[in-house]
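This report concerns only the one structure given below.
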Amino acid sequence: METLYLSLTGLLALMAVGTFATTLRKPTPYGRHLQGAPVRTLPSRAAWLIFASPEWFAFGGTFLWFTHGADASVAQWTLFALWQAHYTHRAILYPLRMRGHAAGFPLSGVAFGFAFNCLNGWVNAYAVVHAPHLAAAWLGHPAFLAGLVIALAGWAINFHSDTILIRLRADGSTGYKIPRGGLFERVSAANYFGEIVLWCGWALMTCTLAGAAFALFTIGNLAPRALSHHRWYRAHFPDYPRDRKALIPHIL
Ligand code: NDP
């Protein structure tokens, strides 16, 4: 089983590099980058619910299977609770809150996302259950505490920034406006910045290969997309703030 875990984690890391290389040239076709493309789609809300939910049940099912629902340390239960809380929001509450694009979400993206999230949920749960340091007194370890602070800060930035975007369509419109407030005053993809910080925090909290591979994938997936969003805003809004960066305040 350990060999399977290491192989799948390696696959995740390879997918991070592959996604970075391909999406740097051409953004994944959903949202604003789908426009005009002749593809079969699902309504955005249903799509998010379907492809994000494996993170919830693959992680939850794997964790409960290996721990028999009881045989885990306080640190492992804490990590379980944090992961499940985040994906209850991402897979169920976020799709209900979002105001999606009329064009919907491509079926191919739903299929890829579903498979990826099954894989990622499984390897991360396996890592949390089987890492010897997490089974011991890990809660007071500086890596856990620093990672927790970083992850919570990233989550708060991501949630606040997503909320700003959702409110841009509170009037029932389906187009795009310039986001204002919060970290959007500094970068075009404030929600992606928060997401990357969140999973870097998780990698530090868990100190597992799977955690590091998922953080790497999140960077490989969202950093090129942030650059594409930034170019898109500049091309579509002549009054777009010139001093706003793409992803990292003052830097990128
Ligand atoms: P986007 O920022 O592209 O879009 C988020 C939502 O806001 C969409 O409904 C989008 O509509 C809408 N929106 C975006 N910009 C504007 C604007 N200027 N005016 C009006 N509405 C706007 O994010 P994603 O859809 O790519 O991701 C959603 C969440 O999921 C984010 O928090 C992200 O961090 C997270 N995520 C995490 C990943 C990971 O690897 N861990 C991977 C992908 C996403 P529309 O769909 O019409 O563009």
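One-based numbering, in listed order, for ligands and for the atoms of each. In this text the structure is predicted, and so the values were computed from the model without any measurement.
- The contact set between ligand 1 and Asn221, taken as ligand atoms under 4.0 Å from a residue heavy atom, comprises 40 (O), 42 (C).
- Between atom 31 (C) of ligand 1 and the options Asn120, Ile157, Asp162, the minimum heavy-atom separation is to Asp162.
- Evaluated for a side chain to side chain donor-acceptor pair (under 3.5 Å) with Asn158, the options His86, His89, Arg90 yield exactly one hit, Arg90.
- Counting heavy atoms closer than 4.0 Å to ligand 1, residue Asn191 contributes atoms from both its backbone and its side chain.
- Inclusion of Asn158 in the set of residues having an N or O under 3.5 Å from an N or O of ligand 1 is warranted.
- Between Phe51, Trp48, Trp199, Tyr192, it is Tyr192 that holds the heavy atom closest to atom 26 (O) of ligand 1.
- When the shell of 6.0 Å around CZ of Arg244 is examined, it contains more than 12 heavy atoms from other residues, nucleotides or ligands.
- For ligand 1, the atoms lying closer than 4.0 Å to a non-hydrogen atom of Lys177 are 17 (C), 18 (N), 19 (N).
- Other residues, nucleotides and ligands contribute more than 12 heavy atoms inside 6.0 Å of the NE2 atom of His130.
- In this structure, Trp202 has its ring center no closer than 6.0 Å to that of Phe214.
- Ligand 1 lies nowhere less than 4.0 angstrom from a heavy atom belonging to Gly194.
- Separation of the Phe80 and Trp83 ring centroids does not fall under the 6.0 Å cut-off.
- Taking the six-membered ring for Trp and the full ring otherwise, Trp77 and Phe63 have centroids separated by under 6.0 Å.
- No side-chain donor from either of Arg99 and Ser173 sits under 3.5 Å from a side-chain acceptor of the other.
- The backbone N or O of Met98 lies less than 3.5 Å from a partner atom in the side chain of Arg45, making a donor-acceptor pair.
- Atoms of ligand 1 lying under 4.0 Å from any heavy atom of Arg90, numbered from 1 in the order shown and given with element: 29 (C), 30 (O), 31 (C), 32 (O), 35 (C).
- The part of Leu222 lying near ligand 1 is the side chain, judged by heavy-atom distances below 4.0 Å.
- Ligand 1 is never approached by Phe105 to a heavy-atom distance shorter than 4.0 Å.
- Using a 4.0 Å cut-off between heavy atoms, Ile178 makes no contact with ligand 1 at all.
- Counting atoms of ligand 1 from 1 in the listed order, those under 4.0 Å from a heavy atom of Gly31 are 45 (P), 46 (O), 48 (O).
- Judged by a 6.0 Å distance limit and a 45° cone about the ring axis, Arg169 is positioned over the six-membered ring of Tyr176.
- For the pair Arg32 and ligand 1, the shortest N or O to N or O distance falls below 3.5 Å.
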